[in-house]
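The next block holds one structure in the form of structure tokens; read it before the comments.
Worth saying up front: this structure is predicted, and the values here are computed from it rather than measured.
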Amino acid sequence: MYVILTSKPGLYTSTLEAEDAVVETYQYLFYGRCKAVFQIARLESDKKVRIVEDEPPHVRNVVSTKFLEHFETLDQARAELNHLVRFGGLDAVLQRCQTSEAAV
């Protein structure tokens with residue numbers, strides 16, 4: 001199964017307890033500015049996602065992936081991402097990148 005994690009630069013960062021499960025990372029560029037980073041992760045079972053605010057006091061939450069939408073295939077997860085970022089004629093782009101290049 002696959003899940004989509006979202007981080008918003010300057011607001012919060014989401015990380016999976018099993019880093020090697022992330023298979024693709026995308027930056028969401030809205031009029032050329034990175035507004036979010038999406039990571040598609042492959043899971044064999046439910047894991048924990050750590051969400052940490054970027055600003056002090058760096059509030060942390062841990063959420064199970066069982067509460068996230070699941071996708072049977074990588075293509076279904078990609079299709080959902082494409083659906084999320086398309087808004088008519090707005091300048092919104094999903095740009096695939098290496099996890100290390102993502103602005104999180």
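- Between Leu68 and Leu5, the closest side-chain pair of non-hydrogen atoms falls below 4.5 Å.
- By the 4.5 Å heavy-atom criterion applied to side chains, Leu81 and Tyr28 are not counted as neighbours.
- In terms of the side chain to side chain donor-acceptor pair (under 3.5 Å) criterion, Thr6 has no residue partners (sequence neighbours excluded).
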Report task. Take Glu24 and Arg96, measure what side chain to side chain contact (heavy atoms under 4.5 Å, CB included) needs, and give me the verdict at the end. Result -> CA-CA 7 Å; Glu24 292 182 356; Arg96 189 168 176 188; 3.3 Å; yes
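- Taken from CZ in Phe30 to NZ in Lys35, the straight-line distance is 7.5 Å, to the nearest 0.5 Å.
- The side-chain heavy atoms of His70 and Val3, taken from C-beta on, include a pair separated by under 4.5 Å.
- Heavy-atom minimum distance, Ser14 versus Ser7: N-OG, 2.8 Å.
- Asp75 pairs by the side chain to side chain donor-acceptor pair (under 3.5 Å) definition with Arg78, not counting sequence neighbours.
- Clustering ILVMFWY residues whenever any of their side-chain heavy atoms sit less than 4.5 angstrom apart, transitively, puts Leu84 in a cluster other than the one holding Val93.
- We find that Arg50 and Glu17 are not joined by a salt bridge, their nearest charged nitrogen and carboxylate oxygen being 4.0 Å or further apart.
- The two residues Val52 and Arg60 come nearest to each other via the heavy atoms CG2-CG, 3.7 Å.
- Counting heavy atoms from C-beta on, the side chains of Val85 and Tyr26 never come closer than 4.5 Å.
- Residue His58 qualifies as enclosed at atom NE2: its count of foreign heavy atoms under 6.0 Å is above 12.
- With sequence neighbours excluded, the residues satisfying side chain to side chain contact (heavy atoms under 4.5 Å, CB included) with Asn82 are Arg86, Leu94.
- Residues Thr13 and Ile51 are not in side-chain contact: their nearest non-hydrogen atoms beyond the backbone lie 4.5 Å or more apart.
- With contacts defined as side-chain heavy-atom distances shorter than 4.5 Å, the pair Glu80/Ile4 qualifies.
- At a threshold of 4.5 Å between side-chain heavy atoms, the hydrophobic network of Ile, Leu, Val, Met, Phe, Trp and Tyr places Leu16 and Phe67 in one connected group.
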**Report entry** CA sep, side-chain torsions, deciding dist, call: Ile40, Val22, side chain to side chain contact (heavy atoms under 4.5 Å, CB included)
**Finding:** CA-CA 6 Å; Ile40 299 175; Val22 173; over 6 Å; no
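- Here the straight-line distance linking atom OH of Tyr2 with atom OG1 of Thr73 works out to 7.5 Å at 0.5 Å rounding.
- Under a hydrophobic clustering in which Ile, Leu, Val, Met, Phe, Trp and Tyr are joined whenever their side-chain heavy atoms come within less than 4.5 Å, directly or via other members, Leu11 and Val49 fall into the same cluster.
- For the residue pair Phe71 and Gln76, the shortest heavy atom distance occurs at C-OE1, 3.8 Å.
- The closest side-chain donor-acceptor pair between Ser64 and Asp46, if any, does not fall under 3.5 angstrom.
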